[in-house]
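Before any comments, here is the structure.
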Amino acid sequence: MSSLRMTSDLRRQLILGAAKRCFARHGYTGTTTKSVAAAAAISEALLFKHFPSKAALYAEILSDECEADPAFVELLEREPSTATLVELIRGMVEHFLEIADGPDQEEAQRLRLMATSHLDDGEFARLLYAKIETLIGPAFVASLGRAVAAGDARPFGGDPLNLFWFAHHTVMTAALTRLPVTPCLAYGKADDLERQLCEFLLRGIGLNDAAIASHLGRDQATDAGKTAIAESA
């Protein structure tokens with residue numbers, strides 16, 4: 001049994017390796033499951049036993065890349081806390097804002113693919129959301145719980161993971177507005193955008209101004225008296 005499983009696992013890795021080469025060379029649209037199967041020297045039917053679609057292959061590759069990022073792994077392995085919660089949000093904001101500002105067009109294409117999936121059959125978006133939830137969800141929920149217990153955040157009556165998705169969707173949409181050569185929204189000074197997004201998201205998930213000032217940085221937090229925005233976020 002163990003040798004059969006090892007063979008299956010190795011074949012899965014070979015398929016992923018072939019898929020990475022195909023996607024790198026031809027992009028998502030130009031790659032087919034048939035071309036991936038040929039690159040892996042297997043039949044397309046055998047490929048489908050491991051990955052039911054091209055979207056599933058691509059989502060798995062993105063998940064593997066995240067898990068291979070040392071900085072990402074280090075963040076997820078931190079003790080759940082208010083500080084970890086703030087760093088999760090800050091990291092997400094930085095990631096999405098860098099897509100529009102950076103030279104890596106592959107990341108921009110992934111964001112466009114994600115947006116297109118929502119308007120199409122949603123398969124790729126559902127798969128990627130499931131991967132994100134598995135990777136980040138437990139750390140977010142545990143850290144939010146610690147923040148509430150420490151008095152740094154107000155309790156949330158619904159599913160706490162929804163707060164993560166609300167934050168994720170907000171910053172993803174903000175990134176989409178900045179993808180065109182001429183941004184759809186200027187958002188004022190670019191230097192202020194990261195700070196503003198972090199504050200908005202942290203308040204939206206329930207952190208109070210004192211916790212934001214302490215963990216995000218007093219130079220990045222607005223006046224502690226401005227609580228109206230926090231309540232409406």
Side-chain angles (χ1 to χ4, degrees), residues 9 12-13 15-17 19-21 23-24 28 51 55-115 117 124-147 152-153 159-176 178-179 193-202 204-205 207 211-212 215-217 220:
D9 289 345
R12 182 183 177 88
Q13 292 306 312
I15 293 171
L16 286 172
K20 288 177 184 178
R21 295 192 298 274
F23 285 128
Y28 183 82
F51 300 97
L57 259 174
Y58 198 58
E60 188 71 21
I61 288 171
L62 296 185
S63 176
D64 282 353
E65 289 179 356
C66 287
E67 292 184 274
D69 183 345
F72 181 71
V73 172
E74 187 275 332
L75 177 58
L76 294 183
E77 290 179 346
R78 290 185 186 181
E79 183 72 17
S81 65
T82 304
T84 300
L85 181 66
V86 171
E87 287 307 308
L88 284 170
I89 293 299
R90 193 208 304 265
M92 183 166 63
V93 169
E94 289 177 349
H95 168 75
F96 277 103
L97 293 187
E98 285 173 359
I99 292 176
D101 295 335
D104 188 352
Q105 287 304 303
E106 185 177 353
E107 285 288 345
Q109 288 303 319
R110 290 173 179 173
L111 183 56
R112 290 187 175 94
L113 176 60
M114 191 68 166
S117 179
F124 177 69
R126 284 192 297 272
L127 288 165
L128 198 54
Y129 284 143
K131 296 292 184 184
I132 293 171
E133 179 174 336
T134 299
L135 287 172
I136 306 175
F140 176 87
V141 172
S143 291
L144 179 60
R146 293 288 180 87
D152 292 332
D159 184 347
L161 193 60
N162 281 347
L163 294 174
F164 172 77
W165 291 126
F166 298 156
H168 183 277
H169 297 158
T170 297
V171 73
M172 183 171 70
T173 302
L176 283 170
R178 292 157 53 81
L179 276 187
L193 185 55
E194 181 182 326
R195 172 185 56 80
Q196 291 170 355
L197 270 172
C198 285
E199 289 179 2
F200 180 80
L201 298 179
L202 290 170
I205 64 179
L207 262 67
I212 293 173
H215 296 283
L216 185 62
Q220 290 194 313

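From a predicted model like this one, the values you see are computed outputs, not experimental measurements.
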(request) Please report the shortest heavy-atom distance between G204 and L163, naming the atom on each side. (result) O-CD2, 4.1 Å

(message) On a heavy-atom basis, which atom in H215 and which in D152 lie closest, and how many Å separate them?
(response) NE2-OD2, 4.3 Å

(message) Any non-hydrogen side-chain atom of F200 less than 4.5 Å from a side-chain atom of V93?
(response) no

(request) Taking the six-membered ring for Trp and the full ring for Phe, Tyr or His, determine whether the centres of F72 and H95 are under 6.0 Å apart. (result) no

(request) State, yes or no, whether a side-chain contact exists between R12 and E60 at a heavy-atom distance under 4.5 Å. (result) yes

(request) Determine the minimum heavy-atom distance between L161 and G137, stating which atoms define it. (result) CD1-CA, 3.7 Å

(message) Between L85 and F164, is there a side-chain heavy-atom distance shorter than 4.5 Å?
(response) no

(request) Write down the atom of A55, the atom of L127, and the distance for their closest heavy-atom approach. (result) C-CD1, 3.7 Å

(request) Look up atom CZ in R126 and atom NZ in K131, then write down how far apart they are to the nearest 0.5 Å. (result) 14.5 Å

(request) Step by step, work out the side chain to side chain contact (heavy atoms under 4.5 Å, CB included) result for I132 and W165. (result) CA-CA 10 Å; I132 293 171; W165 291 126; 3.9 Å; yes

(message) For the OG1 atom of T170 and the CE atom of M92, what is their distance to the nearest 0.5 Å?
(response) 8.0 Å

(message) So that I can tick it off, tell me whether E65 and R110 are bridged by a salt bridge, with the cut-off set at under 4.0 angstrom between side-chain N and carboxylate O.
(response) yes

(request) Measure the spacing between CG of L88 and CG of L75 and express it to the nearest 0.5 Å. (result) 4.5 Å

(request) Fit a plane to each ring of F96 and H168, take the angle between them on a 0 to 90° scale, and name the class: parallel (under 30°), tilted (30 to 60°) or perpendicular (over 60°). (result) perpendicular

(message) Using 0.5 Å steps for rounding, measure from the CG atom of L16 to the CZ atom of R21.
(response) 11.0 Å

(message) Within the structure provided, determine whether M114 and Y129 are in side-chain contact (heavy-atom separation under 4.5 Å).
(response) yes

(request) Write down the atom of F124, the atom of S117, and the distance for their closest heavy-atom approach. (result) N-OG, 3.4 Å

(message) Please find the pair of heavy atoms, one from I89 and one from A167, that lie closest to each other, and give the distance.
(response) CD1-CB, 4.2 Å

(request) For the pair T134 (side chain) and A130 (backbone), establish whether a donor and an acceptor sit closer than 3.5 Å, ignoring hydrogens and angles. (result) yes

(request) Give a yes or no on whether the backbone of A139 and the side-chain of S143 come within a donor-acceptor separation of less than 3.5 Å. (result) yes

(request) Could you check if a side-chain atom of L197 sits within less than 4.5 angstrom of a side-chain atom of L97, using non-hydrogen atoms only? (result) yes

(message) Rounded at 0.5 Å granularity, tell me how far CG in L113 sits from CG in L128.
(response) 9.0 Å

(request) Give the intermediate values and the outcome of side chain to side chain contact (heavy atoms under 4.5 Å, CB included) for residues L216 and L207. (result) CA-CA 11 Å; L216 185 62; L207 262 67; over 6 Å; no

(request) Would you list the pairs meeting salt bridge (Lys or Arg N to Asp or Glu O under 4.0 Å) in which at least one residue belongs to residues 74-87, sequence neighbours left out? (result) E74-R78, E79-R146, E87-R90

(message) Rounded to the nearest 0.5 Å, what separates atom CG in L176 from atom CG in L111?
(response) 4.0 Å

